[in-house]
Amino acid sequence: MPPMTVGLFVWGFGALFYLLGFFHRVAPAVITSELMRDFQISAAALGNLSAFYFYSYVFMQVPTGILADRWGPRRLLTAGALIASVGAVIFALAPTFGWAGVGRFLIGGSVAVAFVGLLKVAVGWFAPNRFALVSGLALFFGIVGAVFAGPPLRILVDHFGWRSVVLFSAVTTLLVGAGTWLFVRDYPHEKGYLDFSNPPSHAKQKPGSGILADLIEVFTYRNTILLFLIPGGMVGCVLTFSGLWGVPYLATVHGTSPAVAATLTSLLLVAWAVGGPFFGWLSDRLGNRKSLYVAGCGISVIGWIVIVMVNGLSLVSLSVVLWVTGFASGSMIISFAFVKESVPVRLSGTVSGVVNMGVMTGPMILQPAVGWVLDRMWAGDIASGVRVYSIDAYRSGFALMLAWITLSFVLLFFTRETGCRQTVE
């Protein structure tokens, strides 16, 4: 059997690609001023530019599962890294808003394969009783990428400019792709070890018509529809705030510097990363999905109301609220176990892709929608060539976030508890 160190080495290339994907996901939050100035765009246009990443990312969720089964993780992750590097080059060198959108679109669609590919590597290279541990490490790597897109990115942009930094990330992604092709193999037997399980036979795969039938069937279960909508509200709030509008909001409303604001949004992400594994572990321990999810979502709703509506918070108080809100938002990780248990096991892969699509629909819709509201309420103020928005404008825009996460909280009461038991035919 392959030693743990060998498995981690092989798996690590996919983890690095996932890290870079998270970096690109939230990087626009730190360079909002630069992007608005260089492309001469409004808040709504900036929201759309950032959301181009999510448009292709969401679209690729179901196809990614199919490609992972047919190509294997080595080819899937290599192709994803190569396309992502091309997208990053286009984004960095973009002379116009249109070309920048093309770059973001390519990046989002290509890094969409990272998480599924990472799980496929884990299935092949680790014993089943290590899978949960490795999945937790995957989330850790992703949040590390998001943190690098906070204060470290701001420092690098101040010294080298955003275009140079994005070009460097493109080169890094290309190197990760090359390393994936050279060192990653789909199963241990390809490196002379014994396999933990028998590799799946391509002859047993369902034809395309079977895939379509499965997609239709999963939506006949109540929890699928509800859990498609619910996590989108929670993740949409986290990534709309930390991934785009949180830094300028904190600078405007609370008077923080861009570096401090970036640190606070990174704190939200770190808390989210810690909360996910905790809620997943506690849900398994208690044998309950619904009640714990309701509690986490309820705390998140209260936290976002405080962040958006309460004036005069000290830096310490604001940090605590952001941490608690991010931690409670980690309860959305229950969605995947919850929905998997809500359908027959043969549909588990399909329904996971559907829910992951719903997860990313949240930021895809909310990021440009908040920007549209900001532009509608813009009073005409400009500083250093960039539009400046009022507190009322931000609160009106963030009201969309509050509306969706409140809807998520209400919809949770209509889900059917599984008791951590798998649905049978």
Side-chain angles (χ1 to χ4, degrees), residues 2 5-25 27 52-53 56-92 102-126 131 134-135 137-142 144-145 148 166-193 195-197 199-202 205 349 352-353 356 360:
T5 52
V6 175
L8 286 172
F9 175 76
V10 173
W11 176 87
F13 287 94
L16 288 173
F17 184 33
Y18 188 51
L19 182 154
L20 290 165
F22 246 94
F23 172 86
H24 285 291
R25 184 179 301 174
F52 269 115
Y53 174 106
S56 55
Y57 190 102
V58 169
F59 175 80
M60 280 296 296
Q61 284 310 300
V62 174
T64 290
I66 300 170
L67 291 173
D69 289 335
R70 300 196 174 191
W71 287 10
R74 180 195 181 206
R75 287 197 286 178
L76 181 65
L77 291 170
T78 300
L82 294 179
I83 296 172
S85 65
V86 172
V89 169
I90 293 174
F91 181 52
V102 170
R104 289 285 295 175
F105 190 84
L106 285 176
I107 293 170
S110 54
V111 302
V113 309
F115 189 67
V116 174
L118 199 52
L119 294 182
K120 289 286 288 186
V121 172
V123 168
W125 280 91
F126 298 97
F131 188 78
V134 176
S135 298
L137 287 174
L139 179 61
F140 172 79
F141 267 82
V144 167
F148 269 113
V166 175
L167 272 178
F168 179 76
S169 74
V171 174
T172 304
T173 306
L174 182 63
L175 293 176
V176 170
T180 300
W181 183 255
L182 291 173
F183 299 110
V184 172
R185 296 296 181 270
D186 294 343
Y187 294 98
H189 74 260
E190 298 175 43
K191 281 185 175 285
Y193 297 101
D195 291 325
F196 287 104
S197 59
S201 170
H202 291 283
Q205 290 180 343
S352 295
N356 204 31
M360 300 313 295

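The residues of the chain are indexed from 1 along the displayed sequence. The analysis underlying the following values was restricted to heavy atoms, covering all of them including side chains, and did not include hydrogens, waters or symmetry mates.
- What you find for A114 and F17 is that their closest heavy atoms are CB-CD2, 3.8 Å.
- Atom OG1 in T172 sits 10.5 Å away from atom CG in L167 (nearest 0.5 Å).
- Judged by distance alone, with hydrogens and angles left aside, the side-chain atoms of D186 form no donor-acceptor pair with the main-chain N or O of G72 at under 3.5 Å.
- Judged as a side chain to side chain donor-acceptor pair (under 3.5 Å), and not counting sequence neighbours, the contacts of R25 are Y53, Y57.
- Note: R74 CZ to E190 CD = 7.5 Å, rounded to the nearest 0.5 Å.
- Applying the ring pair (Phe, Tyr, Trp, His ring centres under 6.0 Å) rule to F13 yields the partners F9, F183; only residues at least two apart in sequence or on another chain are considered.
- The two residues G117 and P73 come nearest to each other via the heavy atoms O-CB, 3.6 Å.
- Two residues are said to be in side-chain contact when any heavy atoms from C-beta on lie closer than 4.5 Å; K191 and V10 meet this criterion.
- Put simply, the side chain of T180 reaches to within 4.5 Å of the side chain of V176, judged on heavy atoms.
- Without hydrogens or angle criteria, T173 side chain to S85 main chain gives no donor-acceptor distance under 3.5 Å.
- In this structure, the side chains of S169 and V166 come closer than 4.5 Å at one or more pairs of heavy atoms.
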Residue pair W125, W11: steps toward the side chain to side chain contact (heavy atoms under 4.5 Å, CB included) verdict: CA-CA 8 Å; W125 280 91; W11 176 87; 5.9 Å; no
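- In this structure, the side chains of V121 and L77 come closer than 4.5 Å at one or more pairs of heavy atoms.
- Within the 3.5 Å criterion, the main-chain N or O of W181 finds no donor-acceptor partner in the side chain of R75.
- For S56 (side chain) and F105 (main-chain N/O), a donor-acceptor pair under 3.5 Å exists by modelled atom type.
- Across all non-hydrogen atoms, the minimal contact from V89 to A170 is CG2-CB, 3.7 Å.
- Heavy-atom minimum distance, I107 versus S110: O-OG, 3.0 Å.
- Annotation: ring pair (Phe, Tyr, Trp, His ring centres under 6.0 Å) contacts of F23 (sequence neighbours excluded): none.
- The two residues M360 and V58 come nearest to each other via the heavy atoms CB-CG2, 3.4 Å.
- Here the closest non-hydrogen pair linking A79 and W71 is CB-CZ3, 4.2 Å.
- You'll find the side chain of F91 stays beyond 4.5 Å of the side chain of L106, heavy atoms only.
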